[in-house]
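Below is one structure; the comments refer to it alone.
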Amino acid sequence: MTLGLSLGVVVGYLLFALAVGLVAYHVSEATAEDYYLANRSIGTVVLLFTTFATLLSAFTFFGGPNLAFAAGPEWLIVMGTLDGVLFAVLWYAIGYKQWLIGDRHGYVTLGEMLGDRFGSTGLRALVAGVSLLWLFPYVMLQQMGAGEALVGLTGGAVPYWGGAALVTAFMILYVVLAGMRGVAWTDTVQGLFMLSIVWIAAVWVVSAVGGVGAATGAMLDARPDFGNFGGGTYSVGFIVSTAITIAFGVTMFPQINQRFFVAKSGETLKRSFVLWPVLVLLLFLPAFMLGAWAVGMPVEVPEGANVLPVVLNEYTPAWFAALVIAGAMAAMMSSSDSMLLSGSSYFTRDVYRPVINADASERREAWIARIGVAVFALLAFVASLFRPGTLIEVGDTAFSGFALLALPVICALYWDRTTRTGMIAGVLVPQVAYLAVVLSAVVGTVPTLPRTVAGGWDVALGLMVLSAVLTVGVSLVTAPTAEGDASRFAVAGD
Amino acid sequence: MSRSRRDLVWIPTFAVLVAFAVPWPLWGVDRVVAGLPVWIWWHVAWLGLCTVLFSLFVRSGAWERGMGRQPGSKSESPLGGDRQ
């Protein structure tokens with residue numbers, strides 16, 4: 001009976017979220033083109049929450065508490081630092097600069113901006129291609145998270161593939177039915193809902209176990225090492241490289257990066273920047289502490305399940321636990337849809353139209369985008385069945401892949417002397433090297449290359465340095481091409 | 001157009017804000033204060049401090065000067081919000 005209730009709440013909530021998306025779509029009478037134009041009038045609250053919504057992923061709700069459960073609450077520090085502080089600084093350095101440039105020239109994608117600055121369709125397609133490549137493990141991560149969440153919620157009655165398939169079906173439905181419009185305000189509603197419900201869940205569980213002090217006490221009895229800062233998984237190398245690769249990676253995520261172009265005014269970016277550290281903390285603190293406290297609770301976390309649903313099942317009524325999981329899955333679904341939609345705009349604008357078919361009709365382009373999203377999501381679903389790593393590992397792979405784009409982009413934004421050849425070398429070489437490292441772990445016939453060296457330092461961090469060195473070095477020895485125009489990125493004065 | 005020399009102080013300030021959001025001085029410390037490990041409180045307070053300083057950065061006008069612009073200048077281009 002409880003099983004039926006839980007599943008009913010989950011599927012019901014997902015259908016509700018889908019209905020909200022549909023209504024929003026029909027009310028807005030959106031055309032394919034309007035998807036971008038409408039977003040250009042995005043205000044502070046919506047911008048803040050659509051950006052926030054990318055945090056509402058399996059990485060935060062499930063991966064984070066799982067890691068805190070396995071290795072200690074230091075994950076809060078890592079995520080808080082990278083997202084609350086480092087990302088905020090990059091929000092200014094990359095985001096505001098991009099907004100100023102985009103405001104002058106009307107760019108809507110990163111590839112378009114760089115392609116225009118350097119007069120290179122190849123660079124434009126390369127940046128879009130690289131972005132799509134790393135979107136793949138990120139979408140897969142959502143499917144893995146959903147699969148594991150339902151295993152935890154139903155005690156294994158729903159198999160892993162069932163949950164993954166459910167969320168995949170809803171992702172595709174959402175995109176095909178709700179169409180090409182990013183319903184930013186559903187992100188906002190879901191962001192507020194999840195923020196409140198995570199706090200309610202934390203208060204509920206903590207009062208059931210006798211308060212914060214008792215929860216921490218029980219945690220320390222079970223795992224005394226959780227009390228002291230650092231140690232175990234959390235080496236200096238791990239903390240520093242994870243924080244840097246993820247923070248830089250987030251700025252290059254298609255959906256986030258596209259938000260840098262679409263804010264209504266610079267004021268919007270300023271206010272979001274100021275509120276960001278506190279908002280991030282409000283989400284991470286209860287979510288990750290619940291994961292860490294769970295080690296002191298008398299709960300059994302089944303193999304391959306997420307810890308958060310198990311804890312909620314133990315201490316809160318079945319309907320509430322199901323509601324949290326459903327809310328998390330719906331939020332994951334809508335944010336990965338925004339990602340898929342941004343990704344599809346990268347594909348149609350930066351690859352399909354300039355490289356493959358310049359004369360495609362708008363209708364054809366819209367269909368190509370939808371079919372592309374469906375195929376992409378299905379392939380990610382198949383890949384998710386192989387479960388190539390933990391949620392954190394898969395997420396980290398995606399973030400690091402994006403992070404390798406960041407330094408060449410910063411170079412282009414701030415250094416006029418950057419050349420096209422410098423950009424292509426700085427983007428392409430580290431990507432090929434990182435891809436070799438990632439694929440060597442998947443392909444059985446080749447020796448696995450190390451992902452970390454010298455006690456937790458991520459090789460992606462080294463490749464980030466390489467990307468900067470190559471961009472600057474190659475730019476210095478090559479001449480700017482005639483098609484390039486550095487003045488395109490000038491923003492000083494008016 | 002001229003960037004105030006004092007604005008340069010924001011660069012080390014941001015560097016310190018990022019670097020010490022991780023409570024490095026409390027490495028290995030295991031004291032529990034008010035129900036949570038003390039280093040978690042450091043982090044919570046630090047992020048609060050970040051919001052305060054970020055707000056100061058924006059209000060002082062350094063946000064605009066940092067991009068070589070005049071604070072208070074109209075930020076929208078002639079194209080306005082309907083850029084093509």
Side-chain angles (χ1 to χ4, degrees), chain A residues 37 40-41 73-74 76-78 80-82 84-86 88-89 92-93 96-97 99-100 102-107 211-217 220 224-231 236 239-240 243 247 264-267 270-271 273-278 280-281 285 289 490-494, chain B residues 1 3 10-11 13-40 42-44 46-59 62-70 73-84:
Chain A
L37 296 178
R40 281 187 180 138
S41 57
E74 284 92 335
L76 171 68
I77 309 289
V78 177
T81 301
L82 75 90
V85 194
L86 186 51
V89 173
Y92 173 67
Y96 188 50
K97 179 93 180 189
W99 182 84
L100 289 168
D103 194 41
R104 280 169 169 66
H105 304 292
Y107 304 130
V212 172
T216 303
L220 293 179
D225 55 313
F226 275 23
N228 61 2
F229 180 54
V236 175
I239 293 175
V240 172
K264 181 161 50 183
S265 72
E267 292 304 311
K270 286 183 197 172
R271 284 192 220 113
F273 165 79
V274 169
L275 291 172
W276 193 251
V278 168
V280 160
L281 191 64
L285 186 67
M289 283 315 294
V491 295
D494 262 324
Chain B
M1 190 63 213
R3 177 198 288 210
W10 283 109
I11 295 173
T13 306
F14 282 162
V16 170
L17 282 181
V18 172
F20 287 96
V22 179
W24 299 114
L26 298 178
W27 189 265
V29 171
D30 61 356
R31 268 192 68 192
V32 172
V33 174
L36 288 175
V38 64
W39 43 270
I40 288 186
W42 166 301
H43 186 68
V44 170
W46 197 266
L47 289 198
L49 176 72
C50 285
T51 280
V52 172
L53 288 178
F54 285 176
S55 136
L56 200 66
F57 173 75
V58 167
R59 276 188 293 135
W63 170 282
E64 295 292 350
R65 286 191 299 272
M67 291 290 164
R69 301 165 54 83
Q70 293 297 324
S73 69
K74 196 169 167 359
S75 37
E76 276 81 5
S77 68
L79 284 168
D82 194 30
R83 16 184 232 257
Q84 296 297 314

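Keep in mind that the numbers below use all heavy atoms, side chains included, and drop hydrogens, waters and symmetry copies. In what follows, chains are A, B, ... by sequence order, proteins preceding strands, each numbered from 1.
Heavy atoms closer than 4.5 Å to chain B are found in the side chain of A/Ile239, but not in its backbone. Within the 4.5 angstrom heavy-atom criterion, no atom of B/Phe20 approaches chain A. Neither the backbone nor the side chain of A/Pro224 comes within less than 4.5 Å of any heavy atom in chain B. Only the side chain of B/Val32 comes within contact range of chain A, with at least one heavy atom under 4.5 Å from a heavy atom of that chain. Contact of A/Leu82 with chain B is not made at all, since no heavy-atom distance falls under 4.5 Å.
Residues A/Leu285 and A/Leu76 meet the side-chain proximity criterion, which asks for heavy atoms closer than 4.5 Å.
Using a 30° and 60° split on the angle between ring planes, B/Trp10 and B/Phe14 fall in the tilted class, from 30° to 60°. Ring geometry, A/Phe273 versus A/Tyr92: the interplanar angle falls from 30° to 60°, so the pair is classed tilted. Classification of the B/Trp63-A/Tyr96 ring pair by plane angle, with boundaries at 30° and 60°, yields tilted.
Atom CZ of residue B/Phe57 and atom CG of residue B/Leu17 lie 11.0 Å apart, to the nearest 0.5 angstrom.
Taking chain A as the reference chain and counting heavy-atom pairs below 4.5 Å, the highest number among B/Ser55, B/Ala34, B/Ala19 is found for B/Ser55. Note on B/Val38, B/Val44, B/Leu56: by heavy-atom pairs under 4.5 Å with chain A, the leading option is B/Val44. Per-residue heavy-atom pair counts under 4.5 Å with chain B were compared for A/Glu74, A/Met289, A/Lys270, and the maximum is reached by A/Lys270.
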